[in-house]
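Beneath this line is the structure, given in structure tokens, with notes to follow.
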Amino acid sequence: MSRTGRHFFLGDAVTVARMLPGMDIVIASDNLPVRYMITETEAYLGEEDRACHASRGKTKRTEVMYLDGGRLYVYFVYGMHWMMNIVTGPENHPQAVLIRGVSGFTGPGRVTKALGIDRSYNGEDLTMSERIWIEDKGYHPELLSGPRVGIGYAGEPWISKPWRFMIGKY
DNA sequence: TCATTGATTTCA
DNA sequence: GAAATCAATGAT
């Protein structure tokens with residue numbers, strides 16, 4: 001059992017998004033570690049990417065994405081759902097990977113509900129935290145990819161970028 | 001297909 | 001300040 005360190009998260013969001021499915025999120029909020037295998041991710045790639053929240057510059061909400069990779073970017077949307085993202089890339093390269101699914105829970109809102117993720121996890125450092133981290137068990141299955149969900153406002157070419165990844169095969 | 005729901009952002 | 005927006009979900 002080994003916690004994934006900083007180096008892994010300094011890669012670009014697409015690279016990290018492709019590596020995460022098959023890896024585990026370990027959450028120890030009640031002092032008892034519980035593992036969930038990541039099954040689906042999406043990459044949001046910097047200020048250029050109109051679908052990325054950082055495309056309109058640094059704000060109070062997006063500032064955590066400007067730190068170096070390995071931290072959580074957690075935000076609230078539609079008045080009811082928390083979204084959990086992992087910040088990637090070096091400092092001042094705002095990128096993140098949305099966790100869309102884990103074993104047993106499909107959909108980003110359901111994932112955060114299952115894991116008990118809320119605002120208190122925003123900025124949490126996955127390389128240091130006592131309550132949440134990532135482990136690589138060496139399982140890296142074949143992935144399917146496709147366009148990201150719910151970002152029609154971003155326009156082309158961003159709508160069509162195949163930056164959604166999920167475990168599966170044809 | 002529609003209602004829900006409130007923080008964040010944008011516009012004035 | 002007020003108005004619009006929104007990485008979604010569950011019910012109808």
Side-chain angles (χ1 to χ4, degrees), chain A residues 4 8-25 27 36-126 129 132 134 143-168:
Chain A
T4 301
F8 173 80
F9 300 109
L10 294 180
D12 69 85
V14 173
T15 300
V16 174
R18 293 197 59 117
M19 291 294 293
L20 282 172
M23 293 171 68
D24 285 355
I25 292 179
I27 186 139
Y36 297 87
M37 186 180 72
I38 297 170
T39 57
E40 182 178 349
T41 62
E42 271 177 10
Y44 288 85
L45 203 40
E47 293 182 335
E48 287 281 301
D49 177 6
R50 297 285 294 172
C52 181
H53 289 167
S55 66
R56 282 127 145 192
K58 187 194 275 190
T59 66
K60 184 78 174 180
R61 180 173 65 158
T62 62
E63 63 185 359
V64 63
M65 273 199 283
Y66 285 78
L67 302 175
D68 55 353
R71 295 170 170 82
L72 291 183
Y73 166 44
V74 179
Y75 69 93
F76 196 58
V77 75
Y78 294 122
M80 15 181 128
H81 305 298
W82 295 100
M83 300 286 117
M84 176 172 59
N85 301 251
I86 297 176
V87 175
T88 71
E91 192 175 358
N92 290 319
H93 288 248
Q95 313 173 15
V97 175
L98 172 67
I99 306 301
R100 291 196 60 88
V102 298
S103 51
F105 300 94
T106 303
R110 294 171 182 167
V111 168
T112 52
K113 184 180 177 187
L115 273 61
I117 299 294
D118 61 19
R119 172 158 213 130
S120 75
Y121 283 84
N122 190 45
E124 192 88 354
D125 190 337
L126 292 169
S129 174
I132 186 168
I134 302 292
L143 302 181
L144 298 176
S145 63
R148 295 172 290 180
V149 175
I151 54 144
Y153 60 87
E156 295 290 1
W158 311 108
I159 293 174
S160 300
K161 296 284 186 186
W163 290 348
R164 176 189 185 194
F165 304 100
M166 52 196 305
I167 294 176

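First the proteins, then the strands, lettered A, B, ... as listed; each starts at 1.
Here ring-ring contact (aromatic ring centres under 6.0 Å, His included) pairs that include residues 78-125 of chain A, with residues two or more places apart or in two chains, are A:Phe76-A:Trp82.
Using P as the reference atom, C:dA11 and B:dA7 are 23 Å apart when rounded to the nearest Å. Rounded to whole Å, the C1' atom of C:dA7 lies 24 Å from the corresponding atom of B:dC11.
One atom, CD of A:Glu40, and another, P of C:dA8, lie 10 Å apart when rounded to the nearest Å. At whole-Å resolution of the value, CH2 in A:Trp82 and P in C:dC6 are 19 Å apart. Between the CD atom of A:Glu42 and the P atom of C:dA7 there is a distance of 11 Å, given to the nearest Å. Rounded to whole Å, the distance from CZ on A:Arg100 to C1' on C:dT9 is 11 Å. One interatomic measurement links the two molecules: CZ of A:Arg110 to P of C:dA7, which rounds to 18 Å at whole-angstrom precision.
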Can you build the contact string for nucleotides 4-12 of chain B? Use B for base contact, S for sugar-phosphate-only contact, and - for no protein heavy atom under 4.0 Å.
BBBSSSS--
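Within the 4.0 Å cut-off from OP1 or OP2 of C:dA7, at least one side-chain nitrogen or oxygen of A:Tyr153 is found. Neither OP1 nor OP2 of C:dA7 sits under 4.0 Å from any side-chain N or O of A:Arg164.
Of all heavy-atom pairs spanning A:Ile167 and A:Ile38, the tightest one is CD1-O, 3.7 Å. Nearest heavy-atom pair, A:Ala54 versus A:Pro94, reported as atom, atom and distance to 0.1 Å: CB-CB, 3.5 Å.
Between A:Lys161 and A:Ile151, the closest side-chain pair of non-hydrogen atoms is not below 4.5 Å.
Taking 4.0 Å as the cut-off between side-chain N and carboxylate O, A:Arg148 and A:Glu42 do not count as a salt-bridged pair.
Relative ring orientation between A:Trp158 and A:Trp163 is described as tilted, the plane-to-plane angle lying within the 30° to 60° band.
Within the model, atoms CD1 of A:Ile86 and CG of A:Leu126 stand 5.5 Å from one another, a figure rounded to the nearest 0.5 Å. The structure places CG of A:Leu98 at 8.5 Å from OG1 of A:Thr41, a figure rounded to the nearest 0.5 Å.
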Dot-bracket for DNA chain C, please, read 5' to 3', with Watson-Crick or G-U wobble pairs under 3.5 Å on both distances, ( ) within the strand, [ ] crossing, | other strand, . unpaired.
||||||.||||.
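A donor-acceptor pair shorter than 3.5 Å cannot be found between the side chains of A:Tyr73 and A:Gln95.
In this entry the base of C:dA4 is anti relative to its sugar, with a glycosidic angle more than 90° from 0.
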